[in-house]
Amino acid sequence: MEKVLRAAMVGVGSMGRGHLDNYLRLMKEGYPIKMVALCDIDEKKFTNYKADFNLGDVGAAGYDFSSFNLYTDLEEMLAKEQLDLVTVALPTYLHCWGTCLCLEAGVNVICEKPMATSVEECDKMIAAARKADRNLMIGQCLRFAGHYNKLKEFVDTGVYGKAYSAFFFRGGGTPLWSYENWLLRRDKGGGALFDQHVHDVDCVNYIFGMPEAVTTQAYTVFPESAYDCCSTNYIYPHMMPVNCQNDWTMKGGYFLQTFRVNFENATVFYDDKGLRVYDRDGNMTEPEYDKESFYYTELKYFADCLLAGEKITRATPESARETVRIALAEMKSADLHGELVKP
């Protein structure tokens with residue numbers, strides 16, 4: 001008889017509902033996984049309320065919450081349920097706490113990004129996974145995105161020669177929907193720099209490796225936040241210019257992610273029109289890449305590893321810890337008005 005993975009989730013806010021949609025999709029497709037339990041301290045999350053998320057049609061069809069066992073206490077859920085994996089979609093400052101509880105209960109964990117609020121918390125999570133001999137993967141979802149993986153392929157293979165420069169941008173409206181406004185608190189969410197910009201920080205780490213130093217200019221719009229718009233230069237030994245910008249105070253109700261990487265023999269662009277490559281003569285091609293939802297691909301990869309009894313090799317906690325290290329260096333640089341800081 002085929003094994004069916006029993007799954008649960010703690011944190012049923014905007015990101016949690018995004019993950020729940022993908023669990024339900026896998027179940028509908030006949031994949032051997034079943035979402036059995038949900039946990040959230042806020043019982044309102046177990047209703048089909050309308051919320052202004054930035055994740056498109058998340059939860060648009062509504063949920064039948066009577067089909068899940070519902071909890072407001074994580075320890076109670078772990079004690080009562082027999083689980084194979086838990087998605088931790090809690091506020092960032094609770095990632096370490098929630099992840100370690102699940103691992104100590106012998107359950108595999110996908111934890112949302114950023115991994116934690118400090119390198120020390122990351123170390124604690126890694127130690128808990130090793131002690132429990134369970135898989136821990138961090139939801140740095142762009143590592144599962146077709147266009148970013150295609151860019152990494154171009155860099156790694158040198159198909160267009162050496163990369164000369166790189167620029168990444170991510171921006172949209174302000175996330176005003178979070179529970180007790182934790183996203184706009186420096187001590188709980190870290191503002192745009194730590195919550196949204198961290199996607200591109202991770203791409204820099206994933207594609208180009210750990211920089212020698214960073215220099216960040218940033219601006220705080222919301223008084224308790226930590227930099228709601230920022231621009232970082234990453235310093236590498238070969239002096240290739242790499243810059244990432246982020247802003248979650250944009251007007252107009254849209255979200256934009258884009259990158260441009262210039263190679264010896266081509267320039268690669270990505271924006272809302274897709275991925276494009278321009279050669280030296282200005283000829284444009286549109287390379288093929290996987291356009292599947294990276295949240296779906298991320299979850300299926302993790303579940304495939306569990307079913308096969310394999311350790312994960314993508315979005316490992318050790319690598320995600322280095323992304324946190326870089327982001328913290330950026331925050332320190334911004335605090336010091338742009339001084340160079342080593343991660």
Side-chain angles (χ1 to χ4, degrees), residues 2-13 15-20 22-24 26-27 31-43 45-46 65 67-140 179 182 188 298-318 320-321 324:
E2 185 179 32
K3 176 179 175 59
V4 175
L5 297 172
R6 293 176 59 82
M9 184 163 59
V10 54
V12 195
M15 284 307 309
R17 287 171 186 242
H19 288 292
L20 180 56
N22 286 301
Y23 275 107
L24 296 178
L26 282 172
M27 291 165 62
Y31 188 87
I33 196 168
K34 183 179 181 181
M35 175 58 69
V36 297
L38 303 176
C39 180
D40 199 295
I41 195 172
D42 180 11
E43 292 186 84
K45 300 294 173 57
F46 303 139
F65 286 101
S67 63
F68 313 115
N69 298 325
L70 304 177
Y71 297 89
T72 57
D73 183 275
L74 176 57
E75 291 181 86
E76 180 186 3
M77 182 180 79
L78 292 171
K80 290 184 176 179
E81 302 287 344
Q82 297 296 313
L83 300 170
D84 297 295
L85 72 154
V86 171
T87 290
V88 173
L90 292 164
T92 302
Y93 70 101
L94 296 174
H95 283 182
C96 180
W97 169 79
T99 295
C100 289
L101 272 182
C102 294
L103 291 167
E104 288 162 4
V107 184
N108 301 284
V109 174
I110 303 177
C111 176
E112 250 305 321
K113 62 78 202 162
M115 184 175 179
T117 59
S118 69
V119 173
E120 291 73 23
E121 285 186 332
C122 295
D123 288 337
K124 185 176 178 181
M125 294 161 73
I126 291 168
R130 290 174 179 170
K131 183 176 180 180
D133 192 26
R134 293 294 183 268
N135 268 319
L136 168 60
M137 189 173 82
I138 308 304
Q140 292 289 176
Y179 181 71
W182 69 267
K188 296 183 182 297
E298 172 187 78
L299 174 58
K300 190 172 184 298
Y301 166 79
F302 190 72
D304 284 345
C305 288
L306 298 187
L307 289 168
E310 298 173 353
K311 290 293 185 181
I312 64 161
T313 58
R314 299 169 67 180
T316 64
E318 290 81 6
R321 174 183 57 192
V324 168

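All heavy atoms count here, side chains included; hydrogens, waters and symmetry mates do not. We number each residue from 1, following the sequence as shown.
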Rounded to the nearest 0.5 Å, what separation is found between the [atom1] atom of [X] and the [atom2] atom of [Y]?
X	Y	atom1	atom2	answer
Met9	Leu85	CE	CG	11.0 Å
Leu307	Lys3	CG	NZ	7.5 Å
Leu83	Met35	CG	CE	9.5 Å
Met15	Thr87	CE	OG1	10.0 Å
Thr92	Trp182	OG1	CH2	4.0 Å
Lys80	Asp73	NZ	CG	9.5 Å

Verify the neighbour count for atom CG of Leu94: are there more than 12 heavy atoms of other residues, nucleotides or ligands below 6.0 Å? yes

Take a 6.0 Å sphere around CD of Glu310 and say whether it holds more than 12 heavy atoms from other residues, nucleotides or ligands. yes

When you look at Asp133 and Lys311, which way does the side chain to side chain contact (heavy atoms under 4.5 Å, CB included) test go after all the steps? CA-CA 10 Å; Asp133 192 26; Lys311 290 293 185 181; 3.1 Å; yes

What's the shortest heavy-atom distance between [X] and [Y], and which atoms?
X	Y	value
Ala37	Met77	CB-SD, 3.8 Å
Pro317	Ile138	CA-CG1, 4.0 Å
Ala7	Tyr23	CB-CE2, 3.5 Å
Met125	Leu136	O-CD2, 3.8 Å

With sequence neighbours excluded, tell me which residues meet salt bridge (Lys or Arg N to Asp or Glu O under 4.0 Å) with [X].
X	answer
Arg134	none
Asp304	Lys300
Lys188	none
Arg6	Glu81

Begin from the C-alpha positions of Asp40 and Tyr71 and carry the test side chain to side chain contact (heavy atoms under 4.5 Å, CB included) through to its verdict. CA-CA 6 Å; Asp40 199 295; Tyr71 297 89; over 6 Å; no

Under 4.5 Å between any side-chain heavy atoms of Lys45 and Arg17, yes or no? yes

Any non-hydrogen side-chain atom of Leu26 less than 4.5 Å from a side-chain atom of Leu299? yes

Under 3.5 Å, sequence neighbours excluded: what are the donor-acceptor pairs made by side chains of residues 101-112?
from   : atom 1 : to     : atom 2 : distance (Å)
Asn108 : OD1    : Asn135 : N      : 2.8
Asn108 : ND2    : Asp84  : O      : 2.9
Glu112 : OE2    : His19  : NE2    : 2.7

Here the salt bridge (Lys or Arg N to Asp or Glu O under 4.0 Å) pairs for residues 117-128, sequence neighbours left out, are Asp123-Arg321

Across all chains, not counting sequence neighbours, the ring pair (Phe, Tyr, Trp, His ring centres under 6.0 Å) partners of Tyr301 are Phe144

Any residue meeting side chain to side chain donor-acceptor pair (under 3.5 Å) with [X], in chain and number order, not counting sequence neighbours:
X	value
Lys34	none
Glu75	none
Lys131	none

Full working for side chain to side chain contact (heavy atoms under 4.5 Å, CB included) between Glu298 and Arg314: CA-CA 9 Å; Glu298 172 187 78; Arg314 299 169 67 180; over 6 Å; no

Who are the side chain to side chain contact (heavy atoms under 4.5 Å, CB included) partners of Leu70, not counting sequence neighbours? Leu38, Phe46, Phe65, Phe68

